[in-house]
Amino acid sequence: MNDLIIQNIQELILPKSTDKPLKGRELDELEVVDNGTVVIKDGKVVYSGPHTDDYEAKEVIDASGKVVSPALVDAHTHLIFGGSREHEMSLKRQGKSYLEILESGGGILSTVKSTREISEEDLFKKAEHDLLTMIKHGVLTVESKSGYGLDKENELKQLRVSNRLAEKYNLNMKHTFLGPHAVPEEAESNEAFLEEMIELLPEVKEYADFADIFCETGVFSVEESKRYMEKAKEAGFKVKIHADEIDPLGGLELAIDEGAISADHLVASSEEGKAKLKNSDTVAVLLPATTFYLDKNDYADARGMLNNGGAIAVATDYNPGSSVTNNLQLAMAIAALKLKLSPNEVWNAVTVNAAKAIDADAGTINQGDQANIVIWDAPNHEYIPYHFGINHAQKVIKDGKVIVDNEFKLD
Ligand code: NIG
Ligand code: FE
């Protein structure tokens with residue numbers, strides 16, 4: 001006997017199962033089934049496709065008038081941090097730029113201070129709250145970075161919290177060591193600090209899948225990023241990079257040359273870098289909520305990347321400074337408006353391609369897949385990025401069980 005049937009689904013969204021990320025025009029290919037059915041047994045999808053009455057199950061959910069999709073994948077977050085930085089809003093109003101705030105000891109460094117001060121238990125509770133908010137918004141696969149500790153003790157504290165969260169909720173999380181995220185005040189020099197982080201690589205390997213670095217003016221150069229990525233690969237990591245967020249340093253080209261699994265941000269990437277995406281499987285993870293939050297006019301050139309045959313994904317970049325949202329649906333809306341993605345492209349960018357960017361088995365609900373599914377209170381898949389800023393996720397189903405029900409009725 002099957003466990004659950006989701007029946008009468010108005011629109012069933014079925015991203016394609018693929019070994020490689022969807023590239024160029026493929027990103028616009030999405031199977032949308034009118035009047036669909038999903039059948040689940042033992043936490044796995046037994047059937048997903050056009051309406052059928054051929055199956056029986058212990059429980060049936062009627063999804064008339066609703067959209068059903070794979071649970072979303074947030075492929076770039078800084079989920080685990082102490083404190084918050086709402087006071088920076090007034091600095092921004094006074095005209096201070098992101099890098100100016102960072103140079104004056106604010107920005108990332110103020111979060112480093114709060115993250116060092118907070119106990120591991122309190123850090124766990126804070127990140128847990130934020131993670132559960134993500135889940136309520138339809139995300140069941142999350143990449144989570146360290147990078148606010150900037151020393152051995154506190155980087156490990158962040159990574160332990162990330163691993164403990166994955167364990168507690170049996171979640172498909174990927175953990176990333178981002179030791180070279182900024183240079184702490186006590187460091188003798190950028191080079192000396194980078195060497196310190198390189199030395200940590202073998203030890204943090206136990207807790208992290210990926211190694212990441214912030215390649216930016218005033219932080220780490222392309223040369224330094226290259227050295228770090230090569231050392232990380234020697235230590236057994238797959239590599240990622242925060243690249244060309246503000247200045248076009250060539251981080252995207254470096255990522256492709258180093259075979260990085262993803263290159264993230266890419267707002268200022270060069271034409272050469274974008275053209276290089278064609279012959280690579282490096283996923284360009286675009287973070288339009290960050291560009292919005294930093295109040296920049298120019299967004300990453302998603303259309304140029306796709307025209308060049310590149311693979312792109314979209315994520316929140318949730319962090320306390322440059323993208324203070326853990327609602328991936330909001331990033332979907334900004335991606336549709338500002339990256340000029342079609343609805344099909346948006347959905348693939350937060351499901352199957354986001355999964356490829358973090359090497360996760362997620363983002364599809366075809367036969368045999370884990371039954372991680374969202375029922376959306378929306379009439380069609382275009383509606384979700386269109387009606388922006390609210391939570392459309394009605395039920396979140398993890399491993400075949402409803403774990404979130406956002407529906408409520410007033411008596
Ligand atoms: O991805 N760009 C660098 N790191 C983060 C911001 C971190 C912060 O401001 O606290 C980002 O945007
Ligand atoms: Fe980031």
Side-chain angles (χ1 to χ4, degrees), residues 74-89 91-92 96-116 118 126-127 130 142-150 154-155 158 162 174-184 197 210-220 225 239-249 251-252 255 260-269 283-296 299-300 313-326 328 331 334 354 357-358:
D74 198 340
H76 181 138
T77 85
H78 304 252
L79 172 67
I80 293 148
F81 57 86
S84 59
R85 310 215 303 257
E86 52 276 34
H87 57 279
E88 282 179 17
M89 282 194 127
L91 295 176
K92 286 183 195 163
K96 297 258 186 310
S97 75
Y98 182 78
L99 288 183
E100 280 166 352
I101 295 172
L102 178 58
E103 272 156 22
S104 62
I108 297 177
L109 294 178
S110 76
T111 300
V112 170
K113 193 164 178 287
S114 319
T115 306
R116 287 177 175 179
I118 195 171
K126 190 170 184 303
D130 286 348
V142 178
E143 186 261 6
S144 146
K145 299 177 196 295
S146 69
Y148 289 119
L150 308 186
N154 290 289
E155 285 294 310
Q158 280 190 281
S162 193
K174 296 283 174 167
H175 318 283
T176 299
F177 173 60
L178 176 57
H181 187 201
V183 180
M197 292 300 104
F210 305 113
D212 196 345
I213 182 165
F214 189 14
C215 177
E216 190 56 66
T217 306
V219 195
F220 297 101
S225 303
V239 291
K240 291 177 162 278
I241 183 169
H242 280 63
D244 309 330
E245 177 179 354
I246 296 161
D247 290 325
L249 298 189
L252 174 56
I261 185 156
S262 75
D264 302 35
H265 285 288
L266 312 181
V267 176
S269 288
V283 180
V285 177
L286 306 184
L287 308 165
T290 309
T291 313
F292 169 78
Y293 203 80
L294 293 177
D295 195 19
K296 296 279 171 67
Y299 282 74
V314 167
T316 57
D317 192 23
Y318 175 50
N319 75 71
S322 68
S323 183
V324 197
T325 183
N326 39 348
L328 186 53
I334 305 174
I358 57 169

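Count residues from 1 along the sequence. Read the numbers this way: they start at 1 and go in the same order the structure lists the ligands and their atoms. Note that the coordinates shown come from a computational prediction; the quantities given were computed from them, not determined experimentally.
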Hydrogens and angles aside, do [X] and [Y] bring a side-chain donor and acceptor to less than 3.5 Å of each other?
{"X": "Tyr318", "Y": "Asp130", "result": "yes"}
{"X": "Lys296", "Y": "Thr291", "result": "no"}
{"X": "His175", "Y": "Ser162", "result": "yes"}

May I ask you to identify the nearest protein heavy atom to [atom], giving residue, atom name and distance to one decimal place in Å?
{"atom": "atom 12 (O) of ligand 1", "value": "Ser322 OG, 2.6 Å"}
{"atom": "atom 4 (N) of ligand 1", "value": "His181 NE2, 2.7 Å"}
{"atom": "atom 9 (O) of ligand 1", "value": "Tyr98 OH, 2.6 Å"}
{"atom": "atom 11 (C) of ligand 1", "value": "Asp317 OD2, 3.2 Å"}

Subject >> Distance, nearest 0.5 Å, that separates CG of Asp74 from OG1 of Thr316 >> reply: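 Going from CG on Asp74 over to OG1 on Thr316, the span is 3.5 Å.
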
Could you tell me which atoms of ligand 1, counted from 1 in the order shown, lie closer than 4.0 angstrom to a heavy atom of [X]?
{"X": "Asn319", "result": "5 (C), 6 (C), 7 (C), 8 (C), 9 (O), 10 (O), 11 (C), 12 (O)"}
{"X": "His242", "result": "1 (O), 2 (N), 3 (C)"}
{"X": "Gly321", "result": "9 (O)"}

Original post:
Within the structure, does His78 bring an N/O atom to less than 3.5 angstrom of an N/O atom in ligand 1?
Top reply: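 Looking only at distances, the answer is yes, because the N/O contact criterion of under 3.5 Å is met.
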
Taking all atoms of both residues into account, what is the closest heavy-atom pair of [X] and [Y], and its distance?
{"X": "Pro320", "Y": "Tyr148", "value": "CD-OH, 3.4 Å"}
{"X": "Val183", "Y": "Leu109", "value": "O-CD2, 3.7 Å"}
{"X": "Cys215", "Y": "Gly251", "value": "SG-CA, 4.5 Å"}

Subject >> Thr111 heavy atom under 4.0 Å from ligand 1 >> reply: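 No; Thr111 lies far enough from ligand 1 that no heavy-atom distance drops under 4.0 Å.
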
Subject >> Contact with ligand 1 for Tyr148, non-hydrogen, under 4.0 angstrom >> reply: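 Judged by the 4.0 Å heavy-atom criterion, Tyr148 does count as contacting ligand 1.
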
Original post:
Under 4.0 Å from ligand 1, counting heavy atoms only, is it the side chain of Glu216, its backbone, both or neither?
Top reply: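 Looking at Glu216 and ligand 1, no heavy atom falls under 4.0 Å.
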
Checking [X] side chain against [Y] main chain: does a donor-acceptor pair fall under 3.5 Å?
{"X": "Glu103", "Y": "Glu100", "answer": "no"}
{"X": "Gln158", "Y": "Gly149", "answer": "yes"}
{"X": "Glu155", "Y": "Gly147", "answer": "yes"}

Throw together a table of side-chain donor-acceptor distances under 3.5 angstrom for residues 75-85, partners on residues two or more places apart or in other chains.
{"residue": "His76", "atom": "ND1", "partner": "Asp264", "partner atom": "OD2", "Å": "2.8"}
{"residue": "His76", "atom": "NE2", "partner": "His78", "partner atom": "NE2", "Å": "3.2"}
{"residue": "His76", "atom": "NE2", "partner": "His242", "partner atom": "NE2", "Å": "3.0"}
{"residue": "His76", "atom": "NE2", "partner": "Asp317", "partner atom": "OD1", "Å": "2.8"}
{"residue": "Thr77", "atom": "OG1", "partner": "Leu79", "partner atom": "N", "Å": "3.4"}
{"residue": "Thr77", "atom": "OG1", "partner": "Glu143", "partner atom": "O", "Å": "2.6"}
{"residue": "His78", "atom": "NE2", "partner": "His242", "partner atom": "NE2", "Å": "3.3"}
{"residue": "His78", "atom": "NE2", "partner": "Asp317", "partner atom": "OD1", "Å": "3.0"}
{"residue": "Ser84", "atom": "OG", "partner": "Glu86", "partner atom": "OE1", "Å": "2.6"}
{"residue": "Ser84", "atom": "OG", "partner": "Glu86", "partner atom": "OE2", "Å": "3.3"}
{"residue": "Arg85", "atom": "NE", "partner": "Glu88", "partner atom": "OE1", "Å": "3.3"}
{"residue": "Arg85", "atom": "NE", "partner": "Glu88", "partner atom": "OE2", "Å": "2.6"}
{"residue": "Arg85", "atom": "NE", "partner": "Gly107", "partner atom": "O", "Å": "3.4"}
{"residue": "Arg85", "atom": "NH1", "partner": "Gly107", "partner atom": "O", "Å": "3.3"}
{"residue": "Arg85", "atom": "NH1", "partner": "Thr111", "partner atom": "OG1", "Å": "2.6"}

Subject >> Side-chain ion pair, Lys145 and Asp212, N-O less than 4.0 Å >> reply: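 A salt bridge links Lys145 with Asp212.
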
Original post:
Given Lys145, Arg85, Glu245, which one has a non-hydrogen atom that is nearest to atom 2 (N) of ligand 1?
Top reply: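 Going through Lys145, Arg85, Glu245 one by one, Glu245 has the nearest heavy atom to atom 2 (N) of ligand 1.
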
Original post:
Taking the Fe ion (ligand 2) as the centre, how many protein N/O/S atoms fall inside a distance shorter than 2.8 Å?
Top reply: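 Protein heteroatoms (N, O, S) closer than 2.8 Å to the Fe ion (ligand 2) number 4.
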
